[in-house]
Amino acid sequence: MSATTVPKDSDATERPSVLENYRDDGPLATALGRALGRGVKLPAIALLLVAGLPLLVAIVLKGEGASTGLVAGVLAWAVLAGGSASARPLTDRLRWAAPPALRALEYAGLLWIAAVAGGDSLPAAFALLCAITYHHYESVYGLRHRGVTPPAWARAAGLGWDGRLLLGVVLLLAGGLPAGFYVAAALLAVLFMGETVVEWRRFRLGQQPAYDDEEDDPD
Amino acid sequence: VLIATAAGEQGGPAAAQRWDDATVLGRLLDQFAGLGVIGVHVITRRPWAPALEPSLADRGVPARVHASESAAEDLRAVAEIARAAPRAVVVAYGDIVTQSEVLAGLLIDPRVTTGILATLGRVARPFGFRVRSRRGRVVSAGSPYHSVRAPNGTFLGIFKVSPSDRERLVAAAERLAALVEGPLPEGWEEELAAKAANWRRILAARASALHEEADAEAEPEEEGPALDHEALADPNLPPEADAEVERRRLSAAQDVTALLLVGLVRDGVHVGQSRLRSLFWARPLSAGGLERAKEQIGEHDEEKALLDAAVKGSDGFFTTFFVSPYSRYIARWAARRGLTPNQVTLVSLAVGVAAAAAFATGQRSGLVAGAILLQIAFTLDCVDGQLARYSRQFSKLGAWLDSIFDRTKEYLVFAGLAIGASRVGDPVWLLAGAALSLQTVRHSIDFSYPLARHQVLAAAPQPPLEAPLDSRRAAAPAQPVEARETDPPPEVGEMAPPPRGLPSRIRGLWRAGDRTPMRWLKKIIQFPIGERFAAISVTAALFDPHTTFVVMLAWGGFAIAYVLAGRTLRSLAT
C-alpha cells in the first residue's frame with residue numbers, strides 16, 4: 001500500500017482515520033495491539049495513562065540517577081501497554097487526548113534515557129527530538145495542506161513512537177550513546193525530509209491539472 | 001445561479017430596480033464578472049423575464065434567463081444547472097446590493113469550499129433567515145419553513161457549493177422540489193406565519209422606539225434584540241411597514257435559496273461561512289429601501305475591511321496589540337511592491353536563523369541582538385499571512401512553509417540558546433529538550449482536539465428535511481406548533497435551557513467572561529506564539545538562557561494544564 005489518500009473534499013479532516021494517523025504507531029505497537037489489545041475494553045487514553053504512570057513516577061523519584069535496568073523495565077512497560085492501546089479505536093469522548101499522550105510518552109522517555117546516559121547525550125537527544133517533532137508536525141501539516149496522510153513506507157521506516165523508544169533503550173544498554181542518537185537523528189531527518197519532498201512532488205504532479213484552488217472560480 | 005423571483009414595490013421583479021444607469025441585477029452581474037465567474041443563470045417568473053433581459057446585456061459575463069412558474073420549477077432548474085456546471089456553483093438572490101469585496105470573500109477565498117455569506121450576532125436583520133454555526137460550520141439553517149434554535153448568525157442569501165458537493169446540491173434541489181410541489185409538509189405554513197408575525201413585531205418595536213431610524217436595512221450592529229413581546233402582541237403597524245412585511249412574506253414563499261441551504265445542511269454537507277465583516281449588504285424590495293442602500297453603501301470602506309480581515313481574528317494578545325497594528329501596513333506595502341507571501345516567509349526564516357546564531361554566541365551582546373532579530377522574524381511571520389489574505393495569494397505550499405518554518409524558527413532558537421549557554425559553562429540541554437517536548441505536546445493537543453470536535457459535529461444526526469424545527473424539538477412534531485402562536489418565536493426568544501451537568505455549568509461560568517477583558521487574560525494564559533516569542537526575547541536579553549527555559553517551562557506547563565482541564569471538561573459536558 002502506498003499513501004492513504006484522503007479525497008479532496010471539505011470533509012477530509014472529519015474522517016475517523018485522521019486522528020488514528022496522528023498516533024504514529026509503529027509496526028511493533030500495531031502487532032502488540034493485535035495480540036493484546038482486543039481483550040482490553042478501556043478507551044485508548046486510559047491505557048496510555050497506565051502506560052505512562054510508572055515512567056512519570058520513576059522520572060520524579062529517580063531522575064538521572066536511575067539504573068539502566070529500571071529505565072529498560074519502565075520503558076518496556078510503556079511500549080507494551082501503550083502498544084496494546086493501538087487496537088483501541090479513537091471514538092470515545094477523550095479521543096483527542098491519545099495522540100498528545102503518545103507524544104509525551106515518547107519525548108519524556110528519550111530525554112530520560114539521555115539524562116541517565118549522561119555526558120553529551122542530552123544535546124544528541126535534542127537533535128533526535130528535532131527530527132521526530134518535524135515528522136509529527138509534518139504529518140499534521142501534510143494532511144492540512146496536501147490532504148494526505150503519511151505513506152505506509154515512511155511510517156514503517158520511521159519505526160513509530162514505540163520502535164524509537166525501544167531503539168533508545170537498546171542504545172542505552174549497549175553503551176551506544178550519544179553517537180547512536182546522533183546517527184538516528186541524521187537518518188530520521190533524511191527519511192522524513194525525503195518523505196516531504198516526495199509527497200510534495202506527488203501532490204503537485206497529481207493535483208495541478210485536476211484541482212487548483214486559484215482556478216476554482218464559481219459558476 | 002441568481003434567483004430573481006422576489007417582487008418589488010411595483011409588482012415587477014425587485015432585481016430590476018434602477019441602480020445608477022443599470023439595475024440591481026446588472027450591478028450584481030458586473031461584480032460577478034469581476035470575480036471571474038464564467039456564466040450566470042437568472043431564474044425568474046415568466047412574466048418578468050422581459051423586464052430582466054435588458055439587465056443581462058453587455059455585462060462581461062454570459063448570462064441567460066430561465067423563466068419558471070413556481071418554486072418547484074425554480075428548484076428543478078437549479079438542479080439542472082448544477083448538474084451541468086463545470087465548476088463550483090453559487091446560488092444567490094438576484095436582488096442583493098452589496099460590495100464586491102463581500103462577494104470576493106466568499107467566492108474566491110479558497111479557504112471556503114462550500115459555504116455561505118453570513119453575519120454574526122443573534123438578531124441582526126429582521127427578514128434574514130437565521131443559522132447556527134459551531135467551529136465555523138453551519139449546523140442548522142433557517143428558511144421560510146424551517147426555524148433555528150439558538151441562532152448565532154444570519155444567512156445573507158448567497159452560498160457557494162464546491163465541485164465535490166455539487167451532486168448533493170442537485171439531490172437537495174430535487175427533494176425540495178417534490179416537497180414544495182404538493183401540499184406543504186406539516187407545520188411549514190405555520191412556521192412561515194409565525195415568522196411573518198415576528199417580523200411585524202420587530203417592525204412595530206422599531207417604529208415605536210426609533211421612529212425615524214426605523215430602518216429594515218440598517219447596519220446589523222444597530223439593532224439589539226430588546227423586544228417587548230407582551231406589549232406588542234397585536235401591533236398596529238404604519239402602512240408602509242405593513243406593506244414591507246407582506247412583500248417579505250410573499251418573497252419568502254418563493255425563497256428557494258434558503259430552502260436549498262437547509263437541504264444541504266440537513267444532508268450533512270460541511271457548510272462553512274464567510275463573514276460580512278464591516279461591509280454593506282442589503283436586499284431592498286422597495287424604492288425606499290433602495291434609496292437607503294444607496295446612501296449607506298458609500299459609508300463602508302472596502303479597503304479598510306480588506307486590511308482588517310487580513311489580520312487573523314484568533315490571534316493572541318501580544319500579536320493583536322503589539323504586532324498587527326503596524327504589521328498590516330507592512331503587508332499592504334509589500335502587496336504594493338508586488339512581493340509574494342513566500343518571499344516574506346523565507347526572509348522571516350533567514351532572520352530567525354540569524355537570531356539563533358546570535359543567541360549561540362552566549363555573549364550579552366549576542367543575546368540582545370538575538371532578542372531583537374527574533375522580534376523582527378516574528379513580525380515578518382505575521383506579515384506573510386496578512387499579505388496572503390490581503391492580496392489573496394493563497395498557495396498550499398506557501399501555507400505549509402509558513403507553518404513548518406514557524407516551528408523551525410522556534411526550535412532553532414532553543415538550540416541557539418542552549419549552545420550559547422554551554423559556551424559560557426551552563427549546559428541547559430535538558431531544559432531545552434523539555435521545553436521543545438512540552439511545546440510539541442501542546443501543539444499536538446491543539447491539532448487533535450478540534451479534529452475530534454469536528455468529528456462529533458459531522459456525526460451529529462440532522463433532522464429530516466420535512467421537519468420545520470431543528471434538534472430535539474423536532475422529535476415531537478405534533479404538539480408545539482399550535483402553542484407557538486403565543487410563544488416568542490425561536491428567532492428572538494430564549495429556549496428554556498436544557499438540564500445541565502456540573503462540567504457544563506462550570507464551563508458556562510467560564511465562558512461568561514468571553515465578552516470582557518477576561519478574554520484577553522484567558523488568551524495570555526494559553527501562551528500563544530506572540531507571547532512565547534516575547535518571553536524568549538525579554539528573558540534572553542535581560543537574563544540568560546537558563547531563565548528563558550525556566551520561564552518557557554513554567555508558563556507553558558501552566559498553559560498546558562489549563563488547556564487540558566478546560567478541554568476535558570468540555571468533552572465530558574457534551
Side-chain angles (χ1 to χ4, degrees), chain A residues 7-11 13-16 18-19 22 64 90-91 93-104 106-108 110-111 114-115 120-127 129-130 132-134 136-138 140-142 144-147 196 200 203-204 207 211 213-219, chain B residues 1 35-40 81 85-90 107-108 110 113-114 160 162-165 269-270 272 394-397 399-400 403-404 407 411 414-415 418 422 427 429-430 432-434 436-437 440-445 447-449 451-455 457-458 564 567-568 571-572:
Chain A
K8 172 68 209 137
D9 66 355
S10 51
D11 291 16
T13 52
E14 282 154 16
R15 286 158 209 278
V18 171
L19 206 52
Y22 285 180
E64 51 193 30
L90 295 183
T91 49
R93 285 183 168 187
L94 294 177
R95 65 186 101 167
W96 52 270
L102 286 164
R103 298 297 89 85
E106 178 181 7
Y107 304 159
L110 290 173
L111 276 176
D120 285 335
S121 297
L122 279 166
F126 188 91
L129 283 180
C130 282
I132 297 171
T133 52
Y134 172 81
H136 286 146
Y137 280 115
E138 222 289 308
V140 174
Y141 295 140
R144 199 177 278 177
H145 302 302
R146 297 189 301 266
T196 303
W200 268 115
F203 174 79
R204 309 204 96 181
Q207 293 282 319
Y211 187 89
D213 271 338
E214 262 66 45
E215 288 291 324
D216 191 25
D217 291 327
D219 184 354
Chain B
V1 182
L35 295 171
V37 171
I38 54 169
V40 176
I81 295 163
R87 298 191 194 166
V89 178
V90 170
L107 267 60
I108 64 177
T113 50
T114 293
K160 172 172 97 170
S162 75
S164 56
D165 289 332
V269 175
H270 184 132
F394 299 105
S395 90
K396 305 226 168 212
L397 184 62
W400 182 89
S403 307
I404 214 89
R407 308 287 88 83
Y411 297 156
F414 282 6
S422 301
W429 283 107
L430 183 60
L436 175 136
S437 302
T440 309
V441 171
R442 169 61 200 281
H443 275 131
S444 177
I445 299 174
F447 296 139
S448 299
Y449 178 75
L451 210 66
R453 300 298 283 178
H454 274 292
Q455 286 178 358
L457 281 180
L564 268 180
R567 292 182 176 173
T568 304
S571 302
L572 297 177

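This structure is a prediction, so every number in the text was calculated from the model and none was measured. Below, each value reflects all heavy atoms present in this structure, side chains not excepted, and no hydrogens, waters or symmetry copies. Proteins get letters first, then strands, A, B, ... in listed order; numbering begins at 1 in each.
Proximity to chain B (any heavy atom under 4.5 Å) is shown, for A:S121, by neither the backbone nor the side chain. Using a 4.5 Å cut-off between heavy atoms, B:L457 does not touch chain A at all. Residue A:A125 does not touch chain B at all, counting heavy-atom pairs closer than 4.5 Å. Both the backbone and the side chain of A:Y141 come within contact range of chain B, each with at least one heavy atom under 4.5 Å from a heavy atom of that chain. Neither the backbone nor the side chain of B:A418 comes within contact range of chain A; no heavy atom of the residue lies under 4.5 Å from a heavy atom of that chain. Both the backbone and the side chain of B:R567 come within less than 4.5 Å of a heavy atom of chain A. At a 4.5 Å heavy-atom cutoff, A:E106 makes no contact with chain B through either its backbone or its side chain. For B:L430, the parts sitting under 4.5 Å from any heavy atom of chain A are the backbone and the side chain alike.
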For this session: Could you give me the CA-CA distance, side-chain angles and deciding distance for A:L110 and A:I132, then say whether side chain to side chain contact (heavy atoms under 4.5 Å, CB included) is met?
Result: CA-CA 11 Å; A:L110 290 173; A:I132 297 171; 3.6 Å; yes
For this session: Apply side chain to side chain contact (heavy atoms under 4.5 Å, CB included) to the pair A:Y22 and A:L90, showing each step before the final yes or no.
Result: CA-CA 11 Å; A:Y22 285 180; A:L90 295 183; over 6 Å; no
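For the pair A:R146 and A:W200, the cation sits on the ring face: its NZ or CZ lies under 6.0 Å from the ring centre, inside 45° of the axis.
Ring-plane geometry between A:Y137 and B:Y411 is classed as tilted, the angle between the planes lying from 30 to 60 degrees on a 0 to 90 degree scale.
Looking at A:T133, its side chain does come within 3.5 Å of a backbone N or O of A:C130 through a donor-acceptor pair. With hydrogens and angles ignored, the 3.5 Å screen pairs a side-chain donor or acceptor of B:T114 with a backbone N or O of B:S162.
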